[in-house]
There are 2 protein chains.
Amino acid sequence: MNEKNPGVQADQETVTSIRGSNQSGMRAHNERLVLSILRRLGPMAKADIARMTGLSAQTVSVIMRALETDGLLAKGEPVRGRVGQPSVPMHLDPAGAFFFGLKIGRRSLDMVLTNFLGEVQSRLHRIHAYPTPEATLEFALSGVDELTAQLSPRDRDRISGLGIAIPFQLWDWAKSIGVPEDAMASWRHVDIQADLAARLTFPVYLQNDASAACGAELVFGTSQKPQDFIYFYIGYFIGGGIVLNGSLFSGKSGNAGAIGSMPIASGGEVHQLIDIASLSVLERRLRTAGHSADSLWPSPETWQVDDGILDDWIDLTAAGIASAVLSATTLIDFEAALIDGWIPETVRRAIVARTRHHLGQHNLAGISPPQISEGTAGPDARALGAASLPLSMRFLVDQNAIMKLA
Amino acid sequence: MNEKNPGVQADQETVTSIRGSNQSGMRAHNERLVLSILRRLGPMAKADIARMTGLSAQTVSVIMRALETDGLLAKGEPVRGRVGQPSVPMHLDPAGAFFFGLKIGRRSLDMVLTNFLGEVQSRLHRIHAYPTPEATLEFALSGVDELTAQLSPRDRDRISGLGIAIPFQLWDWAKSIGVPEDAMASWRHVDIQADLAARLTFPVYLQNDASAACGAELVFGTSQKPQDFIYFYIGYFIGGGIVLNGSLFSGKSGNAGAIGSMPIASGGEVHQLIDIASLSVLERRLRTAGHSADSLWPSPETWQVDDGILDDWIDLTAAGIASAVLSATTLIDFEAALIDGWIPETVRRAIVARTRHHLGQHNLAGISPPQISEGTAGPDARALGAASLPLSMRFLVDQNAIMKLA
DNA sequence: ATTAAATAAATCACTCTTATTTATTATTGA
DNA sequence: TCAATAATAAATAAGAGTGATTTATTTAAT
C-alpha cells in the first residue's frame with residue numbers, strides 16, 4: 001500500500017477516461033441489475049423483474065435463464081392460487097459464488113470465506129501484538145489455501161475474489177497502541193493488495209475497514225435500508241462509511257466517510273470524533289481506573305467491564321455520534337444512521353438509544369433528522385464487508401462507477 | 001410546490017423502479033457522453049473522443065455526425081502540422097439549444113435566456129417587495145413570450161426547457177424579512193413547477209436556488225473542477241450544493257447540500273451557518289449601526305457599505321464557511337470548495353482569502369483540506385443554474401440517475 | 001513510405017415485438 | 001354439481017430492429 005489512503009483501486013482506464021457503453025456493457029448491466037434486485041428485495045418471478053426493470057419479459061427470460069445456467073440463480077416453489085400460470089420465484093443460489101474477506105486489525109487477523117449470500121462458510125483467526133505486512137501476507141496466502149481445500153472442487157472454481165479491510169493510515173497508530181514506530185512504518189510502503197493479487201488467481205480489492213463494514217451492511221445487511229445512509233463502526237478507533245444512491249461512496253482518495261476526523265464540540269472544546277467515540281477511549285479509562293481491558297478484544301460477547309465506566313463511555317460515545325450525525329445530515333439528508341461495532345449487542349442497543357436522545361437535544365431547525373438504528377452485520381462486519389467487495393465488483397450495479405472524469 | 005422540499009422531481013417511474021438498459025438507452029447515453037466531454041474538456045476530434053470513451057472510431061463517427069446534423073455540434077478548423085490526416089476538432093454549437101432560467105428571489109424575479117454554452121442571450125428583471133406565486137407565474141409566462149419573440153424562428157424550436165431556482169422553504173421567511181405571514185404562506189400549497197409546465201410546451205424543472213447556482217458552476221463554470229466539490233452561494237441566506245462524481249447530488253428530498261443548517265461552534269456557542277454567513281446578517285448589522293442596506297440589492301457592483309462593518313462581516317462569514325468546509329470534508333473528501341454569491345468580486349476574493357486563513361487555524365489531523373477558490377459564475381449563478389437544469393436533464397450524463405430503488 | 005483521421009460495408013450481440021404454449025382460476029349452462 | 005369454456009398470466013420461441021464492432025478503404029498530411 002502506498003502513501004495514498006486506502007480505497008478500492010479502480011484501474012487506470014476507468015479513472016482517466018469515460019467509458020462509452022456497448023452491447024456487452026448493456027447486457028452486463030442488466031444482469032447485475034437482476035442480481036441486485038433479487039439480493040435486495042428477495043425472490044421474484046421473471047415477470048416481476050420485467051415489470052420492475054421495464055425490460056421486456058423475453059429479455060428478462062433470456063437473462064435469468066442464463067444466470068440460472070451459470071448457477072447464480074435457482075428456482076423456488078411455484079406460487080399457485082392466482083389466475084394464470086403459476087409464477088416461479090427465482091432466488092440467488094447460495095453456492096453461486098464464494099468470496100474471501102481478510103480483516104487486518106489492531107489485535108488480530110481474520111479471514112472469512114462466504115457464499116453468495118454472505119453466509120460464513122469457514123473462518124480463521126490469528127491474534128498478534130501488532131500487524132506486520134509479512135505476517136499478514138503469510139496468513140492470507142496459507143488461509144486461502146486452507147479454506148479453499150474445504151470447498152468441493154465444483155465450488156473452488158466459483159471463488160470470485162478476495163477483499164481486504166484495513167484501517168486507515170495504519171502507520172500513524174504506532175504511538176497510540178504502544179508499538180515500535182518502525183514496526184508499523186513498514187506498512188507505509190507496502191502494497192498488500194498488489195502483493196496478494198500477484199500470488200492469487202482471483203482479483204483482490206482493498207478498502208478502509210470501516211467502509212468495508214458499511215459495505216457488509218449494504219450488501220448483506222438484513223434491515224430495510226434507504227438509498228442514502230451513514231454508518232458508524234466502533235472499533236479500536238471509530239470509523240464509518242456513507243451510502244449514496246444505494247452504493248457505497250468512496251470518493252477520490254477512498255477516504256470518504258472517514259468520519260473519525262469530524263470536529264465535535266464537547267464541553268466548550270472541539271475534539272475529533274475519533275478521540276471521543278472509540279474503544280481506545282474505553283480501554284484507556286479502564287486502565288486509568290486500574291482495571292484490565294483485555295476482555296474487550298477476544299469477543300464482544302465476553303466483555304468483563306466495570307458498569308459505571310462503560311455507561312459513561314456509552315453516553316460520551318452516543319453524544320459524539322449524535323453530533324456527527326447532525327453535521328452529516330445538514331450536508332446530506334441521510335434517511336438513516338446505522339451504528340455497529342466490536343461491541344456487545346446490549347451495548348449497541350444502549351448506544352443507539354442514547355444517540356437518539358442526544359440528537360433530540362440539538363437545534364434541529366431546517367433538518368429532518370435521520371432514523372438511528374442498530375447495524376445488522378455485527379462485530380464481524382469488517383471481515384464480511386471485505387468479502388462483499390469482490391461480490392459488489394463483479395455482481396452488483398455500482399452507481400458511482402458509471403462516469404469518472406480525469 | 002407542495003410541503004416537500006424543492007428538488008428536481010424525478011418521475012414516479014424512475015423513483016419506484018430500476019430501469020434496465022436497452023439499445024436506445026445505450027445510444028442516448030453515448031450521445032450525452034460525447035456532449036458532456038466536449039462541454040468539460042473543450043473541442044476534440046472524433047478520434048480523441050473514441051480514445052477517451054473506449055468506443056470504436058466508427059461508432060463515434062456515426063454519433064458525432066448525427067449530433068452535427070442535429071445542430072448540436074459544429075466543425076472547427078482542421079489541425080495540420082502532424083503526421084496523418086488533419087484532425088477536425090468538434091465543438092458545441094452555441095445555437096444548438098436554448099434554455100430559460102427563472103430565479104425567484106427575496107427582492108426580485110429574474111429570467112434569463114441562455115444558449116447551449118450558457119451565454120445569456122437576453123434577460124428580464126422585476127423588483128418586488130416580496131415574491132408571490134401569482135406575480136411569479138405572470139412574470140414567467142409573459143417573460144417566456146417576450147424572450148421567445150427575440151429568437152429567430154429556427155432558434156425558437158430549439159428551446160429545450162425552463163428551470164426554476166427557488167429558495168428553500170420560502171414560507172418560513174415571513175418573519176425574517178418583515179412580510180405578512182399569509183403572503184408567504186401561499187407558497188406552501190402552490191406547485192409552481194406544475195403550474196408553469198401546464199402552460200408551456202417544453203419541460204419545466206425546479207430546484208433549490210443555491211443548488212441551482214452550484215449547477216451553474218458545474219455546467220457553465222470556467223474553472224477546472226474536480227469530481228467532488230462543495231459550493232457555497234452567499235445570498236440573502238447562505239446556501240450551497242454538493243457535486244459528487246461530477247454530478248450535482250440532490251438526495252432524496254432534494255435538500256442535500258442545504259448547508260445553512262450546519263452547526264458552527266463560534267465563541268463557545270453553537271449557531272447555524274445560515275445565522276452567521278448570510279447577507280441578512282450584513283443587512284442587520286448595517287441597520288443596527290444606523291446605515292442604509294438598500295444598496296446591497298440592486299447589484300453587487302454598486303454596494304455602498306461601511307468598510308469596518310463589511311470587513312467584520314467578511315471575517316465572520318469566512319470563519320463560518322471554514323468551519324463548514326472542515327465538517328463537510330471529514331465526511332466527504334472534497335477536493336475543492338467554491339465560494340460565490342450576490343457579492344462584489346472584491347468581497348468574494350476577500351472571503352476566499354479569509355476562509356483559507358481560518359481553515360488553517362483548525363485541527364486538520366487526518367484531513368487533506370480542499371482547495372478554496374472563487375466561483376466563476378458570479379452573482380447571476382442562480383438564474384444561470386436554473387437554465388442549466390433543462391440542459392443537464394436533456395444533454396448531459398447524470399451519475400445519480402442510473403439506479404434508484406424504491 | 002508512413003502515419004493518422006475518417007468513413008463505408010459487413011458482421012455481431014442484444015433487446016424488442018409478436019405470436020404461441022402452458023398452467024392456472026373463473027364462469028357458464030345443463 | 002360438474003364438465004366445458006373463457007379469461008388470465010407466466011414463460012418462451014422466432015424474427016425484426018438497432019447500435020456497436022470489425023475489417024477494409026480513402027484521404028491528407030509529414
Side-chain angles (χ1 to χ4, degrees), chain A residues 13 17-35 37-38 43-70 73-91 397 402, chain B residues 17-35 37-38 43-70 73-91 397:
Chain A
E13 191 74 8
S17 73
I18 316 164
R19 308 301 299 182
S21 68
N22 55 22
Q23 284 98 330
S24 38
M26 179 171 70
R27 174 59 173 267
H29 172 79
N30 287 338
E31 287 183 351
R32 283 166 181 259
L33 199 54
V34 169
L35 293 172
I37 291 172
L38 290 177
M44 297 179 103
K46 293 174 179 131
D48 295 327
I49 299 280
R51 276 187 292 266
M52 172 159 271
T53 58
L55 294 169
S56 71
Q58 170 62 2
T59 297
V60 172
S61 185
V62 168
I63 289 174
M64 292 183 78
R65 266 179 295 160
L67 291 173
E68 189 184 1
T69 305
D70 289 349
L73 297 184
K75 287 193 170 71
E77 269 306 298
V79 175
R80 295 163 211 280
R82 275 176 307 183
V83 174
Q85 175 161 332
S87 66
V88 180
M90 305 287 292
H91 57 84
V397 289
I402 313 288
Chain B
S17 72
I18 317 165
R19 310 301 299 182
S21 69
N22 55 21
Q23 283 102 326
S24 39
M26 178 171 72
R27 174 60 172 266
H29 172 78
N30 288 337
E31 287 183 352
R32 283 167 180 258
L33 200 54
V34 169
L35 293 172
I37 291 172
L38 290 177
M44 297 179 102
K46 293 176 179 127
D48 295 327
I49 299 281
R51 276 186 292 266
M52 172 158 271
T53 57
L55 294 170
S56 70
Q58 170 63 359
T59 297
V60 172
S61 185
V62 168
I63 288 174
M64 292 183 78
R65 267 180 295 161
L67 291 173
E68 190 184 1
T69 305
D70 288 349
L73 297 183
K75 286 194 169 72
E77 269 306 296
V79 175
R80 295 164 210 281
R82 276 177 304 184
V83 175
Q85 175 162 335
S87 67
V88 179
M90 306 287 293
H91 57 85
V397 289

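Quick note: numbers below take in every heavy atom, side chains included, and nothing from hydrogens, waters or symmetry partners. Predicted model only: the values in this text are computed from it and were never measured. Convention: sequence-line order gives letters A, B, ...; per-chain numbering from 1.
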[X] side-chain proximity, nearest of [options]:
{"X": "A/Q58", "options": "C/dT3, C/dT25, D/dA13", "result": "D/dA13"}
{"X": "B/A45", "options": "C/dT25, C/dA6, C/dA23", "result": "C/dA6"}
{"X": "B/N30", "options": "D/dT12, D/dT8, D/dA20", "result": "D/dA20"}

Under 4.0 angstrom, heavy atoms only, what part of the nucleic acid is [X] near: base, sugar-phosphate, or nothing?
{"X": "A/T59", "result": "base"}
{"X": "B/A47", "result": "sugar-phosphate"}
{"X": "B/V88", "result": "sugar-phosphate"}
{"X": "A/G81", "result": "sugar-phosphate"}

Legend entry - Residue whose nearest DNA chain C nucleotide is more 5′ - A/S56 or B/V62: B/V62

Inset, instruction - List in chain and number order the residues that pass side chain to side chain contact (heavy atoms under 4.5 Å, CB included) with A/A28, two or more places apart in sequence or in another chain; answer none if no residue qualifies. - result: none

Legend entry - Partner set under side chain to side chain contact (heavy atoms under 4.5 Å, CB included) for A/N22, not counting sequence neighbours: A/S24

Spacing between [X] atom [atom1] and [N] atom [atom2], to the nearest angstrom:
{"X": "A/I63", "N": "C/dC16", "atom1": "CD1", "atom2": "P", "result": "8 Å"}
{"X": "B/L73", "N": "C/dA6", "atom1": "CG", "atom2": "P", "result": "13 Å"}
{"X": "A/L33", "N": "C/dC14", "atom1": "CG", "atom2": "C1'", "result": "15 Å"}
{"X": "A/M90", "N": "D/dA10", "atom1": "CE", "atom2": "C1'", "result": "13 Å"}
{"X": "A/M64", "N": "C/dT15", "atom1": "CE", "atom2": "C1'", "result": "17 Å"}
{"X": "B/H29", "N": "D/dT18", "atom1": "NE2", "atom2": "C1'", "result": "17 Å"}
{"X": "A/R82", "N": "D/dA9", "atom1": "CZ", "atom2": "C1'", "result": "9 Å"}
{"X": "A/I49", "N": "C/dT15", "atom1": "CD1", "atom2": "P", "result": "14 Å"}

Applying side-chain hydrogen bond (donor to acceptor under 3.5 Å, both in side chains), can you list everything that pairs with [X], at least two apart in sequence or on another chain?
{"X": "B/S87", "value": "none"}
{"X": "A/S61", "value": "A/R65"}
{"X": "A/E68", "value": "A/K75"}

Using OP1 and OP2 only, check whether a side-chain N or O of [X] sits under 4.0 Å from [N].
{"X": "B/S61", "N": "C/dT7", "answer": "yes"}
{"X": "A/R51", "N": "D/dA10", "answer": "yes"}
{"X": "A/K46", "N": "D/dA9", "answer": "no"}
{"X": "A/R65", "N": "D/dA10", "answer": "no"}

Taking N or O atoms only and anything under 3.5 Å, show me the protein contacts with nucleotides 24-27 of chain D, one pair per line.
unit_1 : atom_1 : unit_2 : atom_2 : d
D/dT27 : O2     : B/Q85  : OE1    : 2.2

Legend entry - Close side-chain approach of B/D48 and B/R51, heavy atoms under 4.5 Å: yes

Inset, instruction - Evaluate the side-chain proximity of B/L38 to B/V34: yes if any heavy-atom separation is below 4.5 Å, no if none is. - result: yes

Legend entry - Euclidean distance, B/I49 CD1 relative to B/I37 CD1, rounded to 0.5 Å: 5.0 Å

Legend entry - Sub-4.0 Å heavy-atom contacts from residues 21-28 of chain A onto DNA chain D, ordered by number: A/S21, A/N22, A/Q23

Inset, instruction - State which residues pass salt bridge (charged side-chain N to carboxylate O under 4.0 Å, His left out) with A/R27; sequence neighbours excluded, sorted by chain then number. - result: A/E31

Legend entry - Pair listing, salt bridge (charged side-chain N to carboxylate O under 4.0 Å, His left out) test, anchored in residues 52-61 of chain B, at least two apart: none

